[in-house]
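No experiment lies behind these values; they were computed from the predicted model shown. These values consider heavy atoms only, across backbone and side chains, with no hydrogens, waters or symmetry-generated copies.
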Amino acid sequence: MDNIPCIIGYHCNDKDRCENFLNSLEMINSDDEIYLGTGMYFWDNYSNAKYWLSKKRTNHDNIEEWYIVSAFIKILRLLDLT
């Protein structure tokens with residue numbers, strides 16, 4: 001198990017949720033059932049995270065500050081949808 005591949009993933013969300021993630025490492029679970037269910041979703045590159053952030057800003061005018069956080073993610077199982 002020592003040779004588990006690891007990638008950097010990028011997640012965008014409001015300031016409070018991102019700061020809580022950084023301080024406690026508690027996952028930011030999405031309740032959105034449009035995708036693959038409840039969980040924390042990451043982008044594989046910063047540019048995609050920035051694009052998604054611009055979409056979230058458009059749909060959530062009441063939130064002033066947004067962050068993009070990164071995390072090292074160990075790939076135990078991978079569903080590649082490309």
Side-chain angles (χ1 to χ4, degrees):
M1 286 294 240
D2 291 335
N3 294 330
I4 299 171
C6 188
I7 63 167
I8 297 176
Y10 301 91
H11 178 85
C12 56
N13 219 308
D14 65 80
K15 174 188 173 188
D16 293 336
R17 289 183 183 163
C18 287
E19 284 182 346
N20 184 56
F21 172 69
L22 293 173
N23 293 326
S24 70
L25 298 181
E26 183 178 323
M27 301 291 272
I28 304 169
N29 284 325
S30 169
D31 294 328
D32 198 339
E33 295 183 17
I34 294 173
Y35 304 105
L36 296 173
T38 301
M40 187 169 179
Y41 290 89
F42 290 89
W43 293 99
D44 63 344
N45 66 65
Y46 188 74
S47 293
N48 284 349
K50 281 182 18 180
Y51 171 78
W52 186 247
L53 181 60
S54 71
K55 294 295 181 188
K56 288 186 90 156
R57 278 187 179 139
T58 302
N59 295 329
H60 297 89
D61 292 335
N62 58 328
I63 299 174
E64 291 183 27
E65 291 188 77
W66 295 88
Y67 284 2
I68 296 176
V69 295
S70 61
F72 289 105
I73 303 170
K74 290 184 179 181
I75 306 296
L76 300 175
R77 289 178 283 160
L78 175 67
L79 174 61
D80 187 350
L81 298 175
T82 58

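Side chain of H11 to backbone of F42: no donor-acceptor contact under 3.5 angstrom is found.
Here CG of N13 is found 13.0 Å from OH of Y41. Values are rounded to the nearest 0.5 Å. Between the OH atom of Y10 and the NZ atom of K50 there is a distance of 11.5 Å, given to the nearest 0.5 Å. Expressed to the nearest 0.5 Å, how far CG of N23 lies from SG of C18 amounts to 11.0 Å. How far CZ of F21 is from CE of M27: 6.5 Å, rounded to the nearest 0.5 Å. The distance from atom CD1 of I4 to atom NZ of K74, rounded to the nearest 0.5 Å, is 5.5 Å. Considering OH of Y51 and SG of C12, their distance stands at 11.5 Å, rounded to 0.5 Å.
For the residue pair N45 and N48, the shortest heavy atom distance occurs at OD1-N, 2.8 Å.
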Y46 vs I68, side chain to side chain contact (heavy atoms under 4.5 Å, CB included): CA-CA, chis, key distance, verdict: CA-CA 8 Å; Y46 188 74; I68 296 176; 3.7 Å; yes
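Screening residues 7-16 for salt bridge (Lys or Arg N to Asp or Glu O under 4.0 Å), with sequence neighbours left out, gives D14-R17, K15-E65.
Cluster membership check: Y67 does not share its hydrophobic cluster with I73, using side-chain heavy-atom separations under 4.5 Å among Ile, Leu, Val, Met, Phe, Trp and Tyr.
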